Amino acid sequence: MLNQVYRLVSPRQFEVETVAEEVDADDLIVRPKFLSICHADTRYFFGQHSQAALRAKLPMALIHEAVGEVVYDPRNEYKPGTLVAMVPNTPVKKDSIIQENYLPSSRFRSSGYDGFMQEYVCLRRDRAITVPSDFDPHMAAFIEMVSVGVQALTKLESTMDEDQRVIGIWGDGNLGYITATLVKQIFPDSQLLVFGRHQSKLDYFSFADKTYLVDDIPADVKVSQALECTGGQGSEAAIQQIIQHIQPMGTAILMGVSENPVGIDTRSVLAEGLTLRGVSRSSREDFKRAVDILSSSPVTRERLQNLVGYVQKVSSIQDITNFFDSALTNYWGKEVMEWDV
Ligand SMILES: NC(=O)C1=CN([C@@H]2O[C@H](COP(=O)(O)OP(=O)(O)OC[C@H]3O[C@@H](n4cnc5c(N)ncnc54)[C@H](OP(=O)(O)O)[C@@H]3O)[C@@H](O)[C@H]2O)C=CC1
Ligand SMILES: O=C(CO)[C@H](O)[C@H](O)COP(=O)(O)O
Ligand SMILES: [Zn+2]
């Protein structure tokens, strides 16, 4: 099959390339419909990586958050038109200990392998998760980020001590918001505190028990467990505050991506017996749990619809470039492309 792939060839420059795809019975052909942007994509688009990293990864199609319609299934298991969320991680090896999203051999789309900015995606069938028909498709576009929140809270469940009284989230953006909605489902009896830098963003977290501006946290506020959802240099200050406000022996899940190493006060980590656990990406199981949570909780779906921040139809390379530029100035929520190329 000949396919048109929209690749970033250098910062801010896309080119369309025709690629011959080999389709076997294990694959599905999916037409991408709604694509949403992650910070990882904007870091490539704006060239916020070292020259060596850009040379190693580009040209590459961006975007790892998307839903699309099945157009062809050689095994006829999926009806044409079925909306599926596409899992961007494709494992090529199995390991009895290391999960698929932590195996260096796995192929993650839009980080070294072509992402979903394509005319058609040739998708291994175990990478497709059916999206229920009552989901808003703009919200469904970022199920991948919801699955990362699920991965984080699943890891928190298996790592933390028994103290579930207070869960603290640092970060008042997309990942913080998604993770906060999931805390309300996965830890329904816990108090949820959210710590951010913008009152106008914290106002969206109306379902949290309390929100704090990070320059105004009372010294006696304590959280049992914490999740860092900030990224960039902001991670350093967030991790420092988590160390100050977490109970001894608490667990902090770190999710924000920083291009440069950040400093951590290890003396306090040791003295308080803290666990810092990194979480990256997600697995098929996390997608399934994410869809199950959304299916059984209309209120979570409604909250996540509030995170649809900017929607635009794109039909050309110029539209795609404009869309990424708009993402830079969008203040709240996820940017979703209606993919019409
Ligand atoms: N681990 C994983 O698999 C994944 C990681 N990520 C990463 O997560 C990070 C966040 O993504 P996203 O939510 O989309 O980004 P956003 O920009 O939407 O959100 C980050 C928010 O955190 C705020 N912030 C910065 N510093 C602090 C601080 N010290 N304490 C509290 N809040 C702070 C930011 O404010 P301001 O804008 O003023 O700095 C911003 O509002 C990124 O690095 C992204 O790459 C995303 C998806 C998956
Ligand atoms: O966003 C993510 C998962 O949803 C990851 O943070 C992203 O895949 C990291 O990729 P890279 O190493 O290319 O920045
Ligand atoms: Zn991402």
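A quick note: this is a predicted structure, and the numbers were derived from the prediction, not measured. First listed ligand is number 1; within each ligand, the first listed atom is number 1. The residues of the chain are indexed from 1 along the displayed sequence.
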Protein heavy atom at shortest distance from atom 34 (C) of ligand 1: D172 OD1, 3.8 Å

Could you tell me whether the side chain of R109 reaches within less than 4.5 Å of the side chain of V121, counting heavy atoms only? yes

Does ligand 2 come near enough to S280 that some N or O of the ligand is less than 3.5 Å from an N or O of the residue? no

For E259, run the side-chain hydrogen bond (donor to acceptor under 3.5 Å, both in side chains) check against Q48, R43, Q233 and tell me which one passes. R43

S36 side chain near K334 side chain, heavy-atom distance below 4.5 Å: yes

Could you list the atoms of ligand 2 found under 4.0 angstrom from a heavy atom of S111? 10 (O), 11 (P), 12 (O), 13 (O)

Among all the protein's non-hydrogen atoms, which is closest to atom 47 (C) of ligand 1, and how far away is it? M145 CE, 3.7 Å

Can E335 and S326 be counted as having a side-chain donor-acceptor contact under 3.5 angstrom? no

Quick one: look at V214 and ligand 1, take heavy-atom pairs under 4.0 Å, and tell me if it's side chain, backbone, both or neither. side chain

Quick one: look up the protein heavy atom nearest atom 43 (O) of ligand 1 and list residue, atom name and how far away it is. V257 N, 3.0 Å

Among all protein heavy atoms, pick out the one at the shortest distance from atom 8 (O) of ligand 1; state its residue, atom name and that distance to 0.1 Å. L175 CD2, 3.5 Å

Which ligand 2 atoms, with their elements, are less than 4.0 angstrom from a heavy-atom of H64? 1 (O), 2 (C), 3 (C), 4 (O)

Short N or O distance, Y44 and ligand 2, threshold 3.5 Å exclusive: yes

Does a donor on one side chain and an acceptor on the other come within less than 3.5 Å for D203 and Q199? yes

Counting heavy atoms only, which part of Y177 comes closer than 4.0 Å to ligand 1: side chain, backbone, both or neither? neither

Of the backbone atoms (N, CA, C, O) and the side-chain heavy atoms from C-beta on, which set of H198 has a member under 4.0 Å from an atom of ligand 1: side chain, backbone, both, or neither? side chain

For atom 32 (N) of ligand 1, tell me which residue out of L213, L254, T230 has the closest non-hydrogen atom. T230

Give yes if a backbone or side-chain nitrogen or oxygen of W170 is under 3.5 Å from a nitrogen or oxygen of ligand 1, and no if not. no

Might you work through the ring pair (Phe, Tyr, Trp, His ring centres under 6.0 Å) test for Y113 and F108, ending with a clear yes or no? CA-CA 6 Å; Y113 300 89; F108 193 84; 9.4 Å; no

Side chains of R277 and T159: any donor to acceptor distance under 3.5 Å? yes

Of the listed options R43, Q151, R281, M60, closest to atom 12 (O) of ligand 2 (non-hydrogen atoms): R281

Considering only heavy atoms, does M145 approach ligand 2 within less than 4.0 Å through its side chain, its backbone, both, or neither? neither

Using a 4.0 Å cutoff against the non-hydrogen atoms of V257, which atoms of ligand 2 qualify? 6 (O)

min-distance protein heavy atom vs atom 4 (C) of ligand 1 -> M255 O, 3.9 Å

Ignoring angles and geometry beyond distance, decide whether H49 reaches within less than 3.5 Å of ligand 2 through its nitrogen or oxygen atoms. no

Pair R281, S111: side-chain N/O donor-acceptor within cut-off below 3.5 Å: yes

Contact partition for H39 relative to ligand 2, non-hydrogen atoms under 4.0 Å: neither

Within 4.0 Å of some non-hydrogen atom of F195, the atoms of ligand 1 are 31 (C), 32 (N)

Checking D163 against Q247: is there a side-chain donor and acceptor pair closer than 3.5 Å? no

Gap between atom CG of L193 and atom CH2 of W170 - 0.5 Å precision: 7.5 Å

If we check side-chain contact (heavy atoms from CB on, under 4.5 Å) with R289, which of these qualifies: I186, L182, V146? I186

Round to 10° and report the angle made at the Zn ion (ligand 3) by NE2 of H64 and SG of C38. 110°

Among all protein heavy atoms, pick the one closest to atom 16 (P) of ligand 1 and tell me residue, atom and distance. H39 NE2, 3.6 Å

Contact (N/O only, under 3.5 Å) between G234 and ligand 1: yes

So, E285 versus S283: side-chain donor-acceptor pair below 3.5 Å or not? no

Could you list which atoms of ligand 1 come closer than 4.0 Å to a heavy atom of R281? 2 (C), 3 (O)

Against heavy atoms of K201, which atoms of ligand 1 measure under 4.0 Å? 40 (C), 41 (O)

Quiz question: by atom type and distance under 3.5 Å, do the side chains of Y331 and S200 form a donor-acceptor pair? yes

Checking heavy atoms under 4.0 Å, the part of V148 that sits near ligand 1 is side chain

Run through F34, F116, Y6 and flag the one making a ring-ring contact (aromatic ring centres under 6.0 Å, His included) with W339. Y6

Side chains of D136 and Q305: any donor to acceptor distance under 3.5 Å? no

Taking the side chain as everything from C-beta on, heavy atoms only, tell me whether L192 gets closer than 4.5 Å to K184. yes

Starting from atom 26 (N) of ligand 1, what is the nearest protein heavy atom, named by residue and atom, and what distance separates them? R197 CD, 3.3 Å

S110-ligand 2 polar pair, N/O distance under 3.5 Å: no

Measure the acute angle between the ring planes of F323 and Y310, then classify it against the limits of 30° and 60° as parallel, tilted or perpendicular. tilted

Please report the C-alpha distance between F324 and F14 in whole Å, then the side-chain angles of each, then the deciding distance to 0.1 Å, and finally whether the ring pair (Phe, Tyr, Trp, His ring centres under 6.0 Å) criterion is met. CA-CA 11 Å; F324 272 81; F14 291 103; 5.7 Å; yes

Location of contacts on E65 toward ligand 2, heavy atoms closer than 4.0 Å: neither

Euclidean distance, T130 OG1 relative to K79 NZ, rounded to 0.5 Å: 11.5 Å

Does R43 reach ligand 1, in the sense of a heavy atom lying below 4.0 Å from it? yes

Side chain, backbone, both or neither: S258 near ligand 1, heavy atoms under 4.0 Å: neither

Side-chain heavy-atom pair M117, L35 within 4.5 angstrom cut-off: yes

Which ligand 2 atoms does E144 reach within 4.0 Å, using its non-hydrogen atoms? 3 (C), 4 (O)

Identify the protein heavy atom lying closest to atom 14 (O) of ligand 1, giving its residue, its atom name and the separation to 0.1 Å. N174 ND2, 3.1 Å

Numbered atoms of ligand 2 (with element) below 4.0 Å of C38, judged on heavy atoms: 1 (O)

Short N/O distance, under 3.5 Å, between V279 and ligand 1? yes

The atoms of ligand 1 lying under 4.0 Å from a heavy atom of G231, numbered in the order shown, are 43 (O)

